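Each chain gets a letter, A, B and so on, in the order the sequences are listed, and its residues count up from 1. Worth saying up front: this structure is predicted, and the values here are computed from it rather than measured.
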Amino acid sequence: MKAVVTVMLKDGVLDPQGKAIGQALAGLGFAGVGEVRAGKVIELELAETDPTRARATAEAMARRLLANTVIESFRVQVEPA
Amino acid sequence: MKAVVTVMLKDGVLDPQGKAIGQALAGLGFAGVGEVRAGKVIELELAETDPTRARATAEAMARRLLANTVIESFRVQVEPA
Amino acid sequence: MKPGIVLFPGINRERDMAIALERAFGHAPRIVWHTETDLGELDLLVLPGGFSYGDYLRCGAMAAQTPVMGAVRAHAERGGYVLGVCNGFQILTEAGLLPGALLRNAGLRFISADCHLRVERTDTAFTAQWQQGAVFRAPMAHGDGNYFADTATLDRLEGENLVAFRYVTARGEVTPEANRNGSARSIAGIFSPNLRVLGLMPHPEDLVDKLLGGEDGAPLFASLAAA
Amino acid sequence: MTQRPIDAALARDFGLSEEEYARALAIMGRPLTLAELGVFSVMWSEHCSYKSSRTWLSQLPTKAPWVIHGPGENAGVVEIGHGLACVFKMESHNHPSFIEPYQGAATGVGGILRDVFTMGARPIANLNALRFGDPRHPVTRRIVDGVVRGIGGYGNCVGVPTVGGEINFHPAYNGNPLVNAMTVGVAPVDRIFLSAAAGVGNPVVYVGSKTGRDGIHGATMASAEFGKDAEEKRPTVQVGDPFTEKLLIEACLELMQTDAIVAIQDMGAAGLTSSSVEMAGKGGVGIDLDLDAVPQRETGISAYEMLLSESQERMLMVLRPEKAEAARMIFEKWQLDFAVIGRITDTGRFVARHQGRVEADIPLAPLADQAPVYQRPIAEPAKPAELPPARAENRWGLAEALERLLGTPDLASRAWVWEQYDSTIGGQTVKRPGAADAAVVRIEGQTMALALTTDCTPRYCAADPEAGGRQAVAEAWRNLTATGARPLAVTDNLNFGNPEKPEVMGAFAAAIRGMAAACEALNFPVVSGNVSLYNETEGRPILPTPAIGAVGVIDDAAAAVGIALGPWLDLVLIGQTRGWLGQSLWLREIAGREEGAPPPVDLAAERAAGDFVRGLILNGTVRACHDVSDGGLLVAVAEMAMAGNVGVRLSAGPREIPGHAYWFGEDQGRYVLAVPDGPAVVRAAEAAGLAAVRIGHSGGADLTVPDGGTISIAKLRAAHEAFFPAFMGS
Ligand SMILES: Nc1ncnc2c1ncn2[C@@H]1O[C@H](COP(=O)(O)OP(=O)(O)O)[C@@H](O)[C@H]1O
Ligand SMILES: [Mg+2]
């Protein structure tokens, strides 16, 4: 399976990068841009073939390493490789 | 609408961060992890309500600023806010 | 030659650069703000190091889109001189004025240390005061200095003799250990085809004073002042 | 935020004791609002009120003719000549760095930078003092990684060189690392900005980043020890934005070229509350805040949250009303928020309004005057016995012991760390990390330079806090001297455990006694500092760690010397050697014992040796100089040899001292000088009443020790450089 872990700063945590991107887009003339948040995405190829177990593994990886749950939240998507 | 722009290094561009994550996961005892790729995700709140136009705008933003197409490729997802 | 320093929010090595330029040129460079579009009669535009826009998103990406960069591009197209150091080099690649891109250092850590650079050609306005093949020391201070370009581009750069500097050992040898950030073909700096635009990662401007460890970087500025 | 009644139980959760809450009620004469309870709890927290430490801090000498502002301002200010002043301070971010090492360390750097540029100084250097747990402890590596990245991430981006610091490892810091950050800035003496508000009707202006719900109750968190529920305290972590800080530095310094500012204060711990309360309190005026005008990052932030938020990169200023518009234009040019959020009043009260309601209305004088001060019970620490010489028998050859010592965590090369810090930015770094006992940074446009260092030896402080406090100050003074600089003044960061424990408070008091004696004897006043208490995890305190940051000046930067040895020089040891092995690294790392009394510091001898050495450096006699500290004489010589990449042949020490004690003892007040003519220097030192001996000379590629051993400098360097990359896995 392929697992995609998306890690974003939690709501309410300052996102300096998102803020700067928003300002830059406005500077380029893109109108109607509201909040911008920047995060990370980690794509993993897993030998696991069962979607439920693949998801559980990816979530464990996110909690252990990929996300810093003090300030970040994550979501996991699982797809066939 | 909400647009999610995912930016990944192109195939053929070395991704030391992905590699380091893969090694760290192995070090933590996660078995069966194949290739790992690390990328960025930018979530944008757009005033635009038409999905097609929202996607076109987000793609323009990606080409202009969010991705460097010398090294990166991107994909855009659009969802209701 | 009249030098100017282009300043973006978050740039932080402009003072170092101004000191190095003033030493060589005998007068202070003009400071050009990122919103300006009239460069007057400047002959040399210097994009110094730092963290323009915090290096958020990608190093140099946001600075490359500012109004002043239109003027910098026009200046380069007219055959004007442009020097980009560190973040300045990143901005030049992001703006398409030089090919390739600067990726995260191979070791994924910021590197602040002296490196040795080999001068690959001396028939340019930037390098005339060095001997062919000369090796000089320069501090590097970057997290994203890993030069990347596709094979065709690298072959073209080498074929057209546009590599300005390579990371080498103190004896001038290209080795993997001397190439700490992992740059393709050990490339530390490149020229534009007309040899008027130079981008490089290390900081010659921080080694122009014996008291601070040497004058290894001074020939770059002396070359420009004499050009 | 809560439906709970505002009562003693809630006050306790906010960190106020029952007695403190009663006192607050008495001051107010009515029930408190939630916002008011928040204000009392943070202003009376240990972090803001110094309630346990205040009575002891007053023992520190704070005056000298060159001191312009001692403790009490955002940072200390000393005159350095040519119309310039050096502005500096050190501050801790220990608790946040345990919870989130990267952001904790990064925001620590950001906070101390603001304390310095608030006063009108351009920051020219950062230093740090770090203590980590046992390298074998499972979390240590992650904390080291995050802290080092965080310090670099913030300092490199903001464009201030990180030029020095120190690192120790000890199991006592396993659950409570210490991150102490120091910033040094330079300002014209006649343009120092202070925080006392003045001018009834003057606008109170907020600049910088918007306010979010970051770090609410960080100040009280920093004043509470970690229990098992540390995880739950996590949302108080703040994220730093060094890019915005850089803009804030430039905007503030630009505004400071004008005469618009009446008073200015950074928003640090307890944010808007402590900055506005302190500004008004110091100025003896009142302040009226309109919280609706505060720039906000999110919707629905309550008055309580707004007052206590510790969002970073914010400043509060009182401006001359006619200059406010010009000031606004400067901040807008730098793309920073600028908002008039209140006025100075003559009421002597702190008033905060929000959405048409008065959320807080507190008389300022009693809030300050009746702040709790505790004379905590102290238990005088027992003086450890001196280690009897027979108890430190040696089974190891000098070269073998040296090679092992150089590879231990406390002595191993820190290059892996400092290579992640930009140390050359600014183009003024004369002595980079590793090059000299203190960093040397020239002042732009001048020939003079500042010498900068941070020092403390926690194992000495644990064995004997008074001796440890003396030693920390003396070592800092010695490190400045060893570059040729004239030591000027000290900032400190007193990191200790729970002050409610008599033995912790006893150690605190003793350390201050030792520091005070050393500062007094060396004419080396304390001009700023910070206290960090409750550094404990599950009841186990850290080692007492009074970190000292110090500044000296050298009139001609070109005269500064480093530690790198050149070939064909004589090595001369200045200072008395008794072979003091108690609490030495040799004893701990080679013999496996942590015992005995730490080496005493004879302050008169310290001063005499230092003044002599400085004189020789400034008259050009000395090519390299290194003080003798951790690891003793042989380690000092090896460090000089490795830095210069040159060998040394050493002569035998005196017969009455066992070889290992002579070469690894940590007697204080000593320097190794590299000079062309050793005998002449020995004669000069003896004439000045100092112990001096030629111990060897440089040349070749090996270190040859008197017991017959030889080891190549390359091999020593390999041992020295191996630890960090191996430990950190890169
Ligand atoms: N250990 C100490 N020694 C000397 N001065 C100290 C010490 N601790 C705190 N101070 C002084 O007390 C004042 C308040 O310190 P602090 O609360 O850390 O300031 P802020 O939070 O505004 O940066 C400062 O002037 C500081 O220099
Ligand atoms: Mg302050």
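Taking CG of A:Asp15 as the reference point, atom OH of C:Tyr56 lies at 9.5 Å (rounded to 0.5 Å).
Nearest heavy atom pair, residue A:Gln17 against residue C:Leu57, reads OE1-N, 2.5 Å.
Using a 4.5 Å cut-off between non-hydrogen atoms, the part of residues 24-62 of chain A that approaches chain C consists of A:Ala24, A:Leu28.
For C:Asn194, the CG atom is densely surrounded, since the number of other residues' heavy atoms within 6.0 Å is greater than 12.
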